[in-house]
Amino acid sequence: MGGRRPAVHTAQKELFASVDALLNEEPHLPPPAERARLRLAAGITQSRLATALKTTTQSVKNWENGRSEPKSPRLDAHQGLLNGWAAKYPAPGAVSAAAPVPTAVAAPGASELETTDAPQPVEVPGAGAARPATPGRRGIAASGH
C-alpha cells in the first residue's frame with residue numbers, strides 16, 4: 001500500500017498548483033456597462049473614481065465604454081472595488097446567496113388554489129391606490145373599456 005501514497009500526494013500538489021495558477025491570472029473585469037452600473041449604484045462620479053484610482057476621468061470613461069482597459073496595478077484595484085460594489089449592489093434580478101427567495105406559505109388547511117388564486121392589486125391609471133381585481137368590476141377589465 002505504500003505505493004499509493006506518493007500518487008495521491010502528487011495529485012494533490014497538481015490540484016493546488018492549478019488553483020494557484022487561476023488565482024495568479026489577470027483579473028477579469030465585468031463588461032463595461034456593468035462597471036458603470038456599479039459605480040452609479042455606489043453614487044460615485046467618474047471623476048471621483050479617477051481620483052481614487054490615480055488616473056484621469058477620460059480613462060474611467062474609456063473603461064466604461066469599452067474603448068480601453070485598466071492596466072495593473074489599477075486593474076487589480078478596480079477589480080477589488082467592483083467586487084465590493086457587486087456584493088453591495090447586485091444586478092437587478094440577480095439572486096443573492098444572502099437574500100433567500102421568498103416562498104408562499106399556505107395557511108393550515110388551505111388548498112393550493114386558495115393560496116395562488118387570491119386577487120392581486122391592479123394599478124388603474126388615474127384611480128389612486130391599487131385595489132384587488134374583482135371579476136366583472138367595471139373599469140378594471142383588460143379590454144381597455
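The structure places CD1 of Ile44 at 8.0 Å from CG of Leu81, a figure rounded to the nearest 0.5 Å. Separation of atoms NE2 (His28) and CG (Leu75) is listed at 9.5 Å; rounding is to 0.5 Å. In this structure, CZ in Arg35 is found 9.0 Å from CD in Gln79, a value given to the nearest 0.5 Å. Atom NZ of Lys71 and atom CG of Asp76 lie 12.5 Å apart (nearest 0.5 Å). Remark: Lys61 NZ to Ser68 OG distance equals 13.0 Å, nearest 0.5 Å. With values rounded to the nearest 0.5 angstrom, Gln46 atom CD is found 9.5 Å from Asn62 atom CG.
Across all non-hydrogen atoms, the minimal contact from Ala91 to Glu34 is CB-OE2, 4.4 Å. In this structure, Ala77 and Leu53 approach most closely via the heavy-atom pair CB-CD2, 3.8 Å. Across Leu49 and Arg39, no two heavy atoms sit closer than the pair CD2-CD, 3.8 Å. When all heavy atoms of Arg37 and Tyr89 are compared, the pair lying nearest together is NH2-O, 2.7 Å.
With hydrogens and angles disregarded, a donor-acceptor distance shorter than 3.5 Å links the side chain of Arg74 to the backbone of Lys54. Listed for the Arg48 side chain is no donor-acceptor partner under 3.5 Å among the backbone atoms of Gly43.
Side-chain contact between Pro70 and Leu29 is present, with heavy atoms from C-beta onward closer than 4.5 Å. By the 4.5 Å heavy-atom criterion applied to side chains, Arg67 and Gln58 are counted as neighbours.
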